Amino acid sequence: MENFEKSGINSITENLKNTDIDEKKTPFIKIENVSFSYDSDEDEAPLPPVLKDVSLEIKKGSFVALLGHNGSGKSTLAKLINLILIPTKGKIYIDGTDITSESLTEDEMYGIRRRIGMVFQNPDNQLVATVVEEDVAFGPENLGIEPSEIRRRVDEALQTVNMTQYKKHSPHQLSGGQKQRVAIAGIIAMLPECIIFDESTAMLDPGGRKDVMNTIEYLNREKGITVIHITHNMDEAVRADRVVVINDGTIFLDGTPKEVFSKVQELRTVGLDVPQVTELFYELNYRGIDVDFSELDEKKCAEALANVIIQNRK
Amino acid sequence: MLKDITLGQFFPGNSALHKADPRMKIILTMLYIVFVFLAKATLSYIFVVFFTVVLVIISKIKPVIILKALKPLIFIMIFTAFFNIFWTKGDSTPLFEYKFIKIYKEGIVFAVLMIVRIACILTGSCVLLTYTTSPIALTDGLEQLLAPLKKIRVPVHEFAMMMTIALRFIPTLIEETDKIMNAQKARGADFNSGGLIKRARALLPVLIPLFASSFRRASELATAMECRCYRGDKGRTRMTKLHYKPVDLFLLILMVTFGVIIIVINIYLIDILNFSV
């Protein structure tokens, strides 16, 4: 247990240095022809598969947004990656190790869960302890780390999510966004290489949502943590490097936000919205006003609009 | 309204008793109760009261708070006193006699001593333990104190974990109960009128959704805990290890002295001030 823990710390620092080399090599997460269906009750007919023959590769250090309407299989995919669920068919590789192999030991399984953290939707249902710092310590305590090292990691994690001043508070005194940041701190204290956010912003008010999104972006850009962000909110998806749309258990669209959101019609057929900016530009084009709607940034969008207005005046 | 309930009656503070190790406080409380029961002579009861007052002073808990804690027990105290007064038979002539009712001097003394005993035990254990120890420290203390029982396969860690989670979720569930009650009120539910049975039945539509959501919470929490590599006690360390400090030794010496004095009084000084048992 301890050995793998130390190697975990080393691999993180090494990976931070060698990200460019790593990216060209094997992808961090590799999903190969994975299918999954939930077990049905004995007498009933087998349930339809939630995921059908999905293949996906995710590079180290990337920020992937996973989109799809309810029941599309996106949360199931997330749970397959950190071994909460096991695929019915297909293989999943994390950093080259086959995590779906039969010979995976218990220690290796917990090793994978440490490396791939997961933050859920309801902040209340993930906090275990009655004091913020105790809760952040929960993960490292489970890993069997030395008390002094746990202390150091807890302080650092709370600093990262900007919650140091609340460390002695009890969770029920905090707002939704603050609780969610504590939950994130609890995950980063385990020094993961990848964090999956399973609709972690869905239950928050706009303020909390903004704080959590900024934290997620910071972890990805500054700490080099691979982020998989499952969301319904298109304006959050825009902030990712890559957007993957899942529909009906298969990958429907995959590309940069610009590429994906330019396919307004396709997205609408699977019941998804597009970011407000894209929608505006799409409607303008539809009505015969020619503007380039590949821009997703609100400021740039405003500038483009201003240009159009000036041109039209002339 | 439900938010007003104070949890575990813990009053944060900075006294020696607040700083003491929870394990030591659990031990001290047990010792204290044993010593109070050992007290036989009236003199030792006076000393018990004196020592309890000393504990209250050390804890820096306001006496008003302690009187509030004693209030719900007044009925039990009166009840005990009542039976002791009328059912204790003394050797001397009764002080008061009316038909079959006879009241002896011993009966009155005994009743007073019983009240003192109940009040002291309650005050002492509140001050030593519940008022000065946060529920989480109490759980930690119990877990570590009972750790040797793990060898005979008593699931000590699991019980402590359950306690922690229960404590964590009490405020959450109270908040949720409030929400559900308001939702039911908005649909015309009436919780405040009618007899006992009618009121209890009115609570049913509150309890059912509360249970359903608790199960959903439990399942989500379990998944979240698995994601954080929880696998029971196996290979688990703690961030804060409990250490005995000088203050713990001081309190232990104080308690032992108390015990010794009680025993000495019992053996040698039992006849002084003796109206007793």
Side-chain angles (χ1 to χ4, degrees), chain A residues 1-2 5 78-79 82-85 106-107 109-131 133-154 168 170-173 183 186-187 189-190 192 195-196 198, chain B residues 2-3 5-8 10 12 133-140 143-144 157 160-179 213-243:
Chain A
M1 194 79 193
E2 266 188 16
E5 194 37 53
K79 283 180 184 155
N82 79 345
L83 273 168
I84 295 294
L85 298 173
E106 203 187 308
D107 275 358
M109 181 178 89
Y110 283 103
I112 294 298
R113 289 202 184 141
R114 181 196 66 80
R115 295 174 71 181
I116 303 192
M118 197 152 166
V119 179
F120 293 90
Q121 184 179 32
N122 189 337
D124 262 328
N125 299 352
Q126 347 177 18
L127 303 180
V128 185
T130 44
V131 183
E133 61 173 7
E134 291 274 339
D135 187 81
V136 177
F138 182 71
E141 284 177 344
N142 290 334
L143 296 172
I145 293 163
E146 284 299 304
S148 57
E149 170 66 10
I150 298 179
R151 182 82 255 170
R152 200 188 59 77
R153 284 193 192 186
V154 168
K168 296 281 180 198
S170 120
H172 76 273
Q173 296 170 308
I187 297 296
M190 300 199 296
I195 304 180
I196 303 168
D198 189 356
Chain B
L2 285 166
K3 273 195 167 178
I5 300 169
T6 47
L7 227 183
F10 168 57
T133 320
S134 74
I136 195 87
L138 201 60
T139 319
D140 272 1
E143 184 182 353
Q144 300 201 20
H157 166 76
M161 195 44 141
M162 276 158 62
M163 282 262 283
T164 312
I165 291 174
L167 289 169
R168 155 75 187 84
F169 276 93
I170 286 170
T172 312
L173 290 180
I174 287 175
E175 217 168 274
E176 188 153 16
T177 314
D178 241 3
K179 261 188 214 159
S213 92
S214 306
F215 281 117
R216 201 190 59 241
R217 275 181 201 285
S219 133
E220 276 181 34
L221 184 72
T223 313
M225 283 168 78
E226 277 197 312
C227 282
R228 293 170 77 181
C229 299
Y230 180 67
R231 45 169 153 176
D233 205 12
K234 198 177 159 193
R236 192 171 146 82
T237 48
R238 300 305 307 271
M239 175 170 71
T240 40
K241 272 215 148 160
L242 295 175
H243 292 292

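Note that the coordinates shown come from a computational prediction; the quantities given were computed from them, not determined experimentally. Lettering follows sequence order; numbering is per chain, from 1.
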J.: Is there side-chain contact between A:I84 and B:C227, with heavy atoms separated by less than 4.5 Å?
T.: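 The answer is yes, as the side chains (C-beta and beyond) meet within the 4.5 Å cut-off.
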J.: Check the pair B:Y230 / A:E141 against side-chain contact (heavy atoms from CB on, under 4.5 Å), numbers first and verdict last.
T.: CA-CA 9 Å; B:Y230 180 67; A:E141 284 177 344; over 6 Å; no
J.: Is it the backbone or the side chain of A:F120 that comes under 4.5 Å from a heavy atom of chain B, or both, or neither?
T.: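 For A:F120, side-chain heavy atoms alone lie under 4.5 Å from chain B.
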J.: Heavy-atom pairs under 4.5 Å with chain A - which of B:R216, B:R217, B:M161, B:K241 has more of them than the others?
T.: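 Of the candidates given, the most pairs with chain A belong to B:R217.
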J.: Check for a donor-acceptor pair, side chain of B:R228 on one end and backbone N or O of A:Q126 on the other, with a separation under 3.5 Å.
T.: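 Flag set: sc B:R228 to bb A:Q126 pair under 3.5 Å.
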J.: Can you list everything that forms a side chain to side chain donor-acceptor pair (under 3.5 Å) with B:Q144? Sequence neighbours excluded, please.
T.: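 B:Q144 satisfies side chain to side chain donor-acceptor pair (under 3.5 Å) with no other residue.
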J.: Give the member of B:T172, B:T240, B:I136, B:T237 that has the highest number of heavy-atom pairs under 4.5 Å with chain A.
T.: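 Most heavy-atom pairs within the cutoff with chain A belong to B:T237.
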J.: Could you walk me through whether B:F169 and A:V128 satisfy the side-chain contact (heavy atoms from CB on, under 4.5 Å) test, starting with their C-alpha distance in whole Å, then the side-chain angles of each, then the deciding distance to 0.1 Å, before giving a yes or no?
T.: CA-CA 9 Å; B:F169 276 93; A:V128 185; over 6 Å; no
J.: Quick one: of B:T164, B:L221, B:T223, who has the most non-hydrogen atom pairs under 4.5 Å with chain A?
T.: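 Heavy-atom pair counts peak at B:L221.
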J.: Between A:D135, A:N122, A:V119, which shows the greatest number of heavy-atom pairs under 4.5 Å with chain B?
T.: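 Among A:D135, A:N122, A:V119, the one with the most close pairs to chain B is A:D135.
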J.: Of the listed residues (A:S148, A:P140, A:G117, A:P171), which shares the most heavy-atom pairs with chain B below a 4.5 Å separation?
T.: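 Most heavy-atom pairs within the cutoff with chain B belong to A:P171.
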J.: For B:C229 versus A:N142, what's the shortest heavy-atom pair and its separation?
T.: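 Reported closest heavy-atom pair: O-CB, 3.3 Å.
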J.: With a 4.5 Å limit on heavy-atom distance, are the side chains of B:M239 and A:P147 in contact?
T.: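 No, their side chains stay 4.5 Å or more apart.
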J.: For side-chain contact (heavy atoms from CB on, under 4.5 Å), just list the numbers for A:D124 and B:R168, CA-CA rounded to whole Å, side-chain angles, deciding distance to a tenth of an Å, and then say yes or no.
T.: CA-CA 10 Å; A:D124 262 328; B:R168 155 75 187 84; 3.3 Å; yes
J.: Contact part of A:L83 toward chain B, heavy-atom cut-off under 4.5 Å: side chain, backbone, both or neither?
T.: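 Contact with chain B: none, neither part.
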J.: Without swapping roles, check the side chain of A:T130 against the backbone of B:L167 for a donor-acceptor pair under 3.5 Å.
T.: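 Side chain of A:T130 to backbone of B:L167, a donor-acceptor pair under 3.5 Å: no, none is there.
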J.: My understanding is that only residues two or more places apart in sequence, or in another chain, count here; which of them pass side-chain contact (heavy atoms from CB on, under 4.5 Å) with B:K234?
T.: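 In terms of side-chain contact (heavy atoms from CB on, under 4.5 Å), with neighbours along the sequence ignored, B:K234 is linked to A:E106, B:R231.
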